[in-house]
Trainee: 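Please read through the structure below; I'll follow up with questions.
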Amino acid sequence: MAVRLLSGHEVSDLCLGKPALKSLSLTDTLADALSALKRIDDTFVSVWNCNHSLIRSPDPPQERCKEKDYDCRCVGRVCMVDIICYLCKPENLSAPAAALRSPISVLVTDDSALVRHLEPNASLLEAIDAMHEGAQNLVIPIQSKSSSRRKSVEPFDSIFHNNHHSYCWVTQEDLIRYLLNSIAAFSPTPASPINTLNVIDNQNLFAVNYDDPASFALNLLSLSLIHQSSVAIVDPEGKFVGEISPVMLNSCDEAIAPALATLSAGDLMAYIDCGGPPEDLVQIVKERLEEQNLGAALELLGDDGGLSSWSSFCSSSSEDDACSGKNWKLGGYSARVVRRSEAIVCYPWSSLVAVMIQALAHRVSYVWVVEDDGTLTGIVTFEGMLKVFREHLKSMC
């Protein structure tokens, strides 16, 4: 039944109601990407190998794909975390304005494995296979209603590629949500504890200590984007304290870079508190920048220390337990606590379906796994969940 369910449905079924991708070119700058990310609803902006970018061209989008050789390809994606991590490099923090003039190609190559084009008639089994091979965003052509489109298009609206096609993308979250809606077809696997399904990942477990410099997490943050996970913060005994997550940083802007480059991991959590950064920490950031002759980075700091968009993320956070898991509060480890940005955790004996519901309910692609005493033991990601369902399907073929 499960095999028929997925082989009988096309990936285009997941595209219904999806907006067309907002597109940038590899030749656009990081400043262009930053501007786009602040104005669109998506976490990522797509990057293409062509010159069709609403940032650079004043012509209507319908007129921008006139080349004889239609070979526009989405080659990657950029998010706020990519830009923040790039700015945190010492050479860029000393000259942030120049760094933002760099082309997007410094972050995205033209052969990224994280995005893949699929035809709309591809089966959902093919989509799961593509995700298993490393793709995180599947680029799907959609029908554009050109007759109803306005003659003048707002900046950052979608543009057309490859003979007037617009595109959307399907994510791991879309597939997990679809599988959850048909979960009975996979019984009894979803009801099994996650520690019996080989889904708990303790190999790609990224963590820093509470008192470590937050900058220790920079390379780990880049890896966490690839694995769609996060960077844990643990105390000296290995107990889970909190996290520095891409979800959290994507809700900030470039002004958070100086704090990430100068504060400890624990202080960074307090800095990104929903109440706004404490004045003493803002002052510490400024003093450390000056001590390191990084005065130019002060121009990145806004009046609120870079937390202008953080309140919208906080308002969507919930303190309710979900499906035998909970939001992990920092307890008494530090006087400074993050009031609403708690990480989501489960336990080794939590069921797979419970962990799926937790992740989807909180719009994250992972759930931390802890023991009763708070010791961090692993992480469950959408990638791992899809692997379980894929193995289930392969065993039935």
Trainee: Run the side chain to side chain contact (heavy atoms under 4.5 Å, CB included) check on Asp211 and Ser264 step by step: do they pass?
Mentor: CA-CA 6 Å; Asp211 293 320; Ser264 69; 5.5 Å; no

Trainee: Could you tell me whether the side chain of Thr196 and the main chain of Pro193 form a donor-acceptor pair under 3.5 Å?
Mentor: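 Here the side-chain-to-backbone pair exists.
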
Trainee: Looking at Ser351 and Ala354, would you say the former's side chain and the latter's main chain have a donor-acceptor pair under 3.5 Å?
Mentor: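 Checking the backbone N and O of Ala354 against the side chain of Ser351, a donor-acceptor pair under 3.5 Å is found.
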
Trainee: For residues Val106 and Pro103, determine if any side-chain heavy atom of one lies less than 4.5 Å from a side-chain heavy atom of the other.
Mentor: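 Counting from C-beta outward, Val106 and Pro103 do come under 4.5 Å.
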
Trainee: Does Leu263 offer a backbone N or O that forms a donor-acceptor pair with the side chain of Asp267 under 3.5 Å?
Mentor: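 No, Asp267 side chain to Leu263 backbone: no donor-acceptor pair under 3.5 Å.
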
Trainee: Roughly how far apart are Leu179 CG and Leu352 CG, rounded to 0.5 Å?
Mentor: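 Here the interatomic distance stands at 10.0 Å.
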
Trainee: Can you confirm whether Ile200 sits close enough to Ile379 that some side-chain heavy atom of one is under 4.5 Å from a side-chain heavy atom of the other?
Mentor: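 No, their side chains stay 4.5 Å or more apart.
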
Trainee: Is there a side-chain contact between Arg77 and Val108 (heavy atoms, below 4.5 Å)?
Mentor: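 Answer no - side chains too far apart.
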
Trainee: Using distance alone, with no hydrogens and no angle criterion, decide if Ser230 and Glu243 have a side-chain donor and acceptor under 3.5 Å apart.
Mentor: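 The criterion, which ignores hydrogens and geometry beyond distance, is satisfied for Glu243 and Ser230.
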
Trainee: May I have the step-by-step check of side chain to side chain contact (heavy atoms under 4.5 Å, CB included) for Leu225 and Val81, ending in yes or no?
Mentor: CA-CA 8 Å; Leu225 284 176; Val81 173; 3.9 Å; yes

Trainee: Mind checking the CG-SG spacing from Leu114 to Cys74? Nearest 0.5 Å is all I need.
Mentor: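 Leu114 atom CG to Cys74 atom SG measures 10.5 Å (nearest 0.5 Å).
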
Trainee: So which atom in Leu294 and which in Pro90 form the shortest heavy-atom distance, rounded to 0.1 Å?
Mentor: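 Result for this residue pair: CD2-O, 4.2 Å.
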
Trainee: Taking NZ, NE, NH1 and NH2 as the nitrogens, is one of them in Glu173 or Arg177 under 4.0 Å from a carboxylate oxygen of the other?
Mentor: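 The answer is yes: the pair qualifies as a salt bridge.
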
Trainee: Apply salt bridge (Lys or Arg N to Asp or Glu O under 4.0 Å) to residues Glu237 and Lys239 and explain how you reach the verdict.
Mentor: CA-CA 6 Å; Glu237 297 178 351; Lys239 290 184 171 55; 3.3 Å; yes

Trainee: Is there a donor-acceptor pair closer than 3.5 Å between any side-chain N or O of Asp28 and the backbone N or O of Ser25?
Mentor: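 Confirmed, Asp28 side chain pairs with Ser25 backbone.
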
Trainee: Salt bridge check, Glu254 against Lys38: does any charged N sit closer than 4.0 Å to a carboxylate O?
Mentor: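 Looking at Glu254 together with Lys38, the answer is yes, because their closest N to O distance falls below 4.0 Å.
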
Trainee: Just by modelled atom types, is the Glu10 backbone N or O under 3.5 Å from a matching donor or acceptor in the Asp13 side chain?
Mentor: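 Judged by distance alone, yes, a pair lies under 3.5 Å.
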
Trainee: Which distance, rounded to the nearest 0.5 Å, do you find between the CG of Asn92 and the CD1 of Ile83?
Mentor: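 Between Asn92 CG and Ile83 CD1, I get 12.0 Å after rounding to 0.5 Å.
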
Trainee: At what distance, to the nearest 0.5 angstrom, does OG of Ser166 lie from CD1 of Ile140?
Mentor: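 The CD1 atom of Ile140 is 12.5 Å from OG of Ser166, to the nearest 0.5 Å.
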
Trainee: What is the ring orientation for Phe389 with Phe186, classed by angle as parallel under 30°, tilted 30 to 60°, or perpendicular over 60°?
Mentor: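 Judged by the thresholds at 30° and 60°, the geometry between Phe389 and Phe186 is perpendicular.
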
Trainee: Measure the acute angle between the ring planes of Tyr366 and Trp368, then classify it against the limits of 30° and 60° as parallel, tilted or perpendicular.
Mentor: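 Perpendicular, since the angle between the ring planes exceeds 60°.
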
Trainee: In Å and rounded to the nearest 0.5 Å, what is the OH to NE2 distance from Tyr167 to His117?
Mentor: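 One finds 6.5 Å between OH of Tyr167 and NE2 of His117.
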
Trainee: Taking side chain as C-beta onward, heavy atoms only, is Val47 less than 4.5 Å from Leu26?
Mentor: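 Touching, per the 4.5 Å side-chain cut-off.
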
Trainee: Has the side chain of Ser46 got a donor or acceptor atom that lies under 3.5 Å from a matching backbone atom of Lys22?
Mentor: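 Between the backbone of Lys22 and the side chain of Ser46 there is a qualifying donor-acceptor contact (under 3.5 Å).
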
Trainee: May I ask you to test the Thr381-His227 pair for a side-chain heavy-atom distance under 4.5 Å?
Mentor: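 Heavy-atom side-chain distance check fails, nothing below 4.5 Å.
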
Trainee: Any idea which heavy atoms bring Trp48 and Val75 closest together, and the distance?
Mentor: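 So the minimum-distance heavy-atom pair works out to C-CG2, 4.2 Å.
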
Trainee: Are the side chains of Leu118 and Val139 in contact, using a 4.5 Å heavy-atom criterion?
Mentor: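 Of all side-chain heavy-atom pairs linking Leu118 with Val139, none is under 4.5 Å.
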
Trainee: Between the main-chain N or O of Asp212 and the side-chain N or O of Asn209, is there a donor-acceptor pair closer than 3.5 Å?
Mentor: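 Here the side-chain-to-backbone pair does not exist.
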
Trainee: Between Ile272 and Ile256, is any pair of side-chain heavy atoms under 4.5 Å apart?
Mentor: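 The answer is yes; the side chains approach within 4.5 Å.
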
Trainee: How many angstroms lie between atom CG of Leu125 and atom CG of Leu393, to the nearest 0.5 angstrom?
Mentor: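 One gets 5.5 Å once the value is rounded to the nearest 0.5 Å.
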
Trainee: Testing the 3.5 Å rule here: is there a donor-acceptor pair between the side chains of Glu383 and Gln228?
Mentor: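 On atom types as modelled, these side chains do not qualify, holding no pair under 3.5 Å.
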
Trainee: Got a sec: does the CG of Asp42 have more than 12 other heavy atoms crowding it under 6.0 Å?
Mentor: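 Counting neighbours around CG of Asp42, more than 12 heavy atoms of other residues, nucleotides or ligands fall under 6.0 Å, so yes.
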
Trainee: Check the pair Val241 / Met269 against side chain to side chain contact (heavy atoms under 4.5 Å, CB included), numbers first and verdict last.
Mentor: CA-CA 10 Å; Val241 177; Met269 286 197 298; 3.9 Å; yes

Trainee: Establish, from distance only, whether the side-chain atoms of Thr29 and Asp32 form a donor-acceptor pair under 3.5 Å.
Mentor: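 Yes.
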
Trainee: Could I get the full list of salt bridge (charged side-chain N to carboxylate O under 4.0 Å, His left out) partners for Asp174, not counting sequence neighbours?
Mentor: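 Per chain and number, Asp174 pairs via salt bridge (charged side-chain N to carboxylate O under 4.0 Å, His left out) with Lys18.
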
Trainee: Any donor and acceptor pair, going by atom type alone, linking the side chain of Thr375 with main-chain N or O of Glu371 inside 3.5 Å?
Mentor: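 Such a contact is absent between Thr375 side chain and Glu371 backbone.
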
Trainee: Examine the side chains of Trp169 and Thr171 and answer whether a donor and an acceptor come within less than 3.5 Å of each other.
Mentor: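 On atom types as modelled, these side chains do not qualify, holding no pair under 3.5 Å.
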
Trainee: Tell me whether Asn49 contacts the main-chain N or O of Cys72 through its side chain, where contact means a donor paired with an acceptor under 3.5 Å.
Mentor: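 Side chain of Asn49 to backbone of Cys72, a donor-acceptor pair under 3.5 Å: no, none is there.
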
Trainee: If you compare all heavy atoms of Tyr271 against all heavy atoms of Val285, which two are closest, and at what distance to 0.1 Å?
Mentor: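 Answer, listing the atom of Tyr271 first, then Val285: CE1-CG2, 4.0 Å.
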
Trainee: Looking at Ala185, is its backbone amide N or carbonyl O close enough to the side chain of Ser182 to form a donor-acceptor pair, meaning the two atoms are under 3.5 Å apart?
Mentor: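 No; zero donor-acceptor contacts below 3.5 Å.
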
Trainee: Are Ser215 and Leu260 close enough that some pair of their side-chain heavy atoms sits under 4.5 Å apart?
Mentor: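 When only atoms from C-beta onward are counted, Leu260 and Ser215 do not touch, as no gap falls below 4.5 Å.
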
Trainee: Who pairs with Glu279 by salt bridge (charged side-chain N to carboxylate O under 4.0 Å, His left out), at least two apart in sequence or on another chain?
Mentor: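 Salt bridge (charged side-chain N to carboxylate O under 4.0 Å, His left out) check on Glu279 returns nothing, list empty.
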
Trainee: Give every residue pair that meets the salt bridge (charged side-chain N to carboxylate O under 4.0 Å, His left out) criterion with at least one member in residues 118-136, sequence neighbours excluded.
Mentor: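 Found Arg116-Glu133, Asp129-Arg390, Asp129-Lys394.
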
Trainee: Could you check Met80 against Ile84 for side chain to side chain contact (heavy atoms under 4.5 Å, CB included), going step by step and ending with a plain yes or no?
Mentor: CA-CA 6 Å; Met80 192 65 72; Ile84 290 171; 3.7 Å; yes

Trainee: Please give me the minimum heavy-atom distance between Leu30 and Ala99, naming the atom from each residue.
Mentor: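 In terms of heavy atoms, the two residues are closest at CD1-O, 3.7 Å.
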
